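Below you'll find the structure, written out as structure tokens, and then a few comments.
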Amino acid sequence: METTNSIVIGQLIEKELRRQCKSAAWLAQQLECNRSNVYKIFNRPSIDCELLLRISNALSHNFFDVYTMRLGGASKAARR
């Protein structure tokens with residue numbers, strides 16, 4: 001059984017940013033931070049909810065879904 005610990009959110013953010021053909025500099029501008037901070041985000045296995053919300057809004061992509069899907073799977077397993 002996978003746990004939320006196996007989600008590396010930074011990698012998912014980087015993958016989505018590349019899918020949209022946007023740069024780390026673009027995301028840094030959206031988040032009002034330095035580009036080097038965006039690269040640090042890419043290496044994070046977890047992230048603050050407020051920052052994840054800001055990134056989700058900037059990329060128009062709900063990164064919370066990744067966690068919600070895992071929660072749904074855990075809830076089903078608990079009911080068995």
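Keep in mind that the numbers below use all heavy atoms, side chains included, and drop hydrogens, waters and symmetry copies. Because the structure is a prediction, the values reported are computed rather than measured.
- Taking CD1 from I13 and CG from L51, the interatomic distance works out to 7.0 Å, rounded to the nearest 0.5 Å.
- In summary, the aromatic rings of F42 and Y39 are positioned with their centroids under 6.0 Å apart.
- Taken from CD in E16 to CZ in R19, the straight-line distance is 4.0 Å, to the nearest 0.5 Å.
- In terms of heavy atoms, Y67 sits closest to P45 at OH-O, 4.4 Å.
- Heavy-atom contacts from other residues, nucleotides or ligands closer than 6.0 Å to NZ of K22 number more than 12.
- A side-chain contact (heavy atoms from CB on, under 4.5 Å) with L17 is found for one member of I55, L12, L27, I41 and no other, namely L27.
- The local environment of CZ in R35 is sparse, with at most 12 non-hydrogen atoms from other residues, nucleotides or ligands closer than 6.0 Å.
- In summary, E50 and R54 do not engage in a salt bridge, as defined by a charged side-chain N under 4.0 Å from a carboxylate O.
- The distance from atom CG of L52 to atom CG of N57, rounded to the nearest 0.5 Å, is 10.0 Å.
- Taking CZ of F63 as the reference point, atom OG1 of T68 lies at 13.5 Å (rounded to 0.5 Å).
- One N or O on the side chain of Q20 and one on the backbone of L59 form a donor-acceptor pair closer than 3.5 Å.
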